[in-house]
2 protein chains.
Amino acid sequence: MGGPKKPEQERCDAILAAAYEIALAEGLDAVTARRVATAAGISTGLVFFHFHSKDGLLEALLGVLLDGTLDALSDSDLARLEPWDRLERMIWVELERLVEYHAAVELIFAFYFSRRDDLFRARIEASFARYLAAFSPVCREVAAGTRIQGDELAATVVALVQGASIQTIRNPESFNPEAILATLRAVRPA
Amino acid sequence: MGGPKKPEQERCDAILAAAYEIALAEGLDAVTARRVATAAGISTGLVFFHFHSKDGLLEALLGVLLDGTLDALSDSDLARLEPWDRLERMIWVELERLVEYHAAVELIFAFYFSRRDDLFRARIEASFARYLAAFSPVCREVAAGTRIQGDELAATVVALVQGASIQTIRNPESFNPEAILATLRAVRPA
DNA sequence: GTGGTCATTGACCGGGTAGTCAACGTAGAG
DNA sequence: CTCTACGTTGACTACCCGGTCAATGACCAC
C-alpha cells in the first residue's frame, strides 16, 4: 500500500481530467468513482479522499464544464458598434461557441436533467441567468425608439440562443448558425 | 404464489401509469422495476413479463410521454388566417402547451440526455423533426415576397420554440409566452 | 370434472455502486 | 535518524439493480 505523493491541486486536476474524458466519451452515467480512479491511474479511495463524495466530484466536474463553455460571454470590445450590430455580433459569437463546445454543452444539459434537486441546477441556473444579464443591456438599446420592449426582446433572444444550443446537440454537423442570423437581419427594424 | 389475472392491456396500462407517476414525482432515475411494481401493487417479475426488459418499459413510457405532449401540432383549422397570423397563432398555441405540460417535457429531455445511444433519441428526434415539418409551410408563406428565407425562418422558429421549452422547465411560473409573442409582433414585416 | 394455457409470485443470482478503513509509504521537520 | 503528518491503497461492507425461474394459482375449453 501507499505510493508516491502529489500535491492536492495536481491530483484533483488529474482526477477531474479523467472524469471529464469519461463523461465526454461515454456520458455522465459512466462517471463512477472506480472508472475515474482507473483512468487516472490511482485507487478508488483516493477519489473520495480528495472529493469526499461522488456528488463532490460531479460538482467539481460541473464547475469545469461551466467555466470552460458558458462563462466567456462579454460585449466589452463591441461598444463601438451600433446596438443592433452589437446584438447580432453577440448572438453570432455565442452560436459559434455552441457549435464548438456542443459536446460540453450536452454534458451540461445532462447534468441539468439528471437530477431535480438544486445541487447541480442552481449552478447551471446561475450560468443561464448570466445569458439574460449579458443580453439585456444591448437589447434595451436596440428596443429604444421602436415598438419592441427591451426586456421582452432579451427574453426572446435568450430563448433563441438556448434553442439553438439544443439544435446544435441534436445535429452538430447540419446546424447552421447563419440561418438564424440571416433571419434576424431580415427582420431588423429600420 | 399466483394471483388474480387481468387482461394484458389493462396490466400494461397500470404499470405504465405507475412508472409515469414515479417519473414525474422523482425523476427518471427513480423508475426501477421494483419501485414500479410496488407502486402498481404487483410483483417485480410481472414487470419483466409484460415489458421484457427495463428498456422496454422505458421505451413504452417514452411513447406515452410523446403521444401526450408533442404530437398535437397542427394548423388545420387556421387556414383562413393570414400567413403571419397563422404563424403567430401556432407559436402561441405551442408555447401555452409547453407551459401546461412542462413536467412531461422535462421528462422527455431527461430521456434525451440520459442516454447517448439511439434507443430513445431516435424517437424523440422524430418528434422534434415534426416541429420543423409543421412550421415549414407557413414559414415559407410568411417569407414569400420578403427578404426572409422560408427555411431559415422555420429553423429560427423551431429554435425559438425549443428554447422557450427550456425556459418553461427552468421556471414554469415566471416564464411568459406573451413576451416572445410581443417581440414577434413588433418585428412583423410590413 | 379435467387438462392446459398463461398470468403471477417472490426468492434468488450476479454484478456494479458509493463509501469506509486499517494498514502502509512517503516526505519533510526537528 | 526519528517522528509525525498525510497521501495512498485496495479489500471490504452494505445496498440496490436488472433479470431469471420454478412453483403456483386462476381461468377456459371441452
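Below, chains carry the letters A, B, ... as their sequence lines are ordered, and counting in each starts from 1.
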Across all chains, not counting sequence neighbours, the side chain to side chain donor-acceptor pair (under 3.5 Å) partners of B:Arg34 are none
Rounded to whole Å, the CZ-P distance (A:Arg11 to C:dG25) equals 17 Å
Residue pairs meeting salt bridge (charged side-chain N to carboxylate O under 4.0 Å, His left out), one or both in residues 14-31 of chain B, sequence neighbours left out, come to B:Glu26-B:Arg35
Sorted by chain and residue number, the side chain to side chain donor-acceptor pair (under 3.5 Å) partners of B:Trp84 (sequence neighbours excluded) come out as B:Glu88
Residue set satisfying salt bridge (Lys or Arg N to Asp or Glu O under 4.0 Å) with A:Arg121, at least two apart, ordered chain then number -> B:Glu106
Protein heavy-atom contacts under 4.0 Å, written 5' to 3' over nucleotides 10-20 of chain C as B (base), S (sugar-phosphate only) or - (none), form the string BBB----SBBB
Between A:Leu98 and the options A:Thr69, A:Val93, A:Ile166, A:Thr168, the side-chain contact (heavy atoms from CB on, under 4.5 Å) test singles out A:Thr168
For B:Phe120, the ring pair (Phe, Tyr, Trp, His ring centres under 6.0 Å) test, sequence neighbours excluded, returns B:Phe111
At a 4.0 Å cut-off to heavy atoms of chain B, the contacted part of DNA chain D spans D:dC17 to D:dA26
In numerical order, the residues of residues 12-20 of chain A whose heavy atoms come under 4.0 Å of DNA chain D are none
Sorted by chain and residue number, the side chain to side chain donor-acceptor pair (under 3.5 Å) partners of B:Thr183 (sequence neighbours excluded) come out as A:Thr156
For A:Glu178, the salt bridge (Lys or Arg N to Asp or Glu O under 4.0 Å) test, sequence neighbours excluded, returns A:Arg185
Here the side chain to side chain donor-acceptor pair (under 3.5 Å) pairs for residues 45-56 of chain B, sequence neighbours left out, are B:Asp55-B:Arg115
Sorted by chain and residue number, the salt bridge (Lys or Arg N to Asp or Glu O under 4.0 Å) partners of B:Glu125 (sequence neighbours excluded) come out as A:Arg170
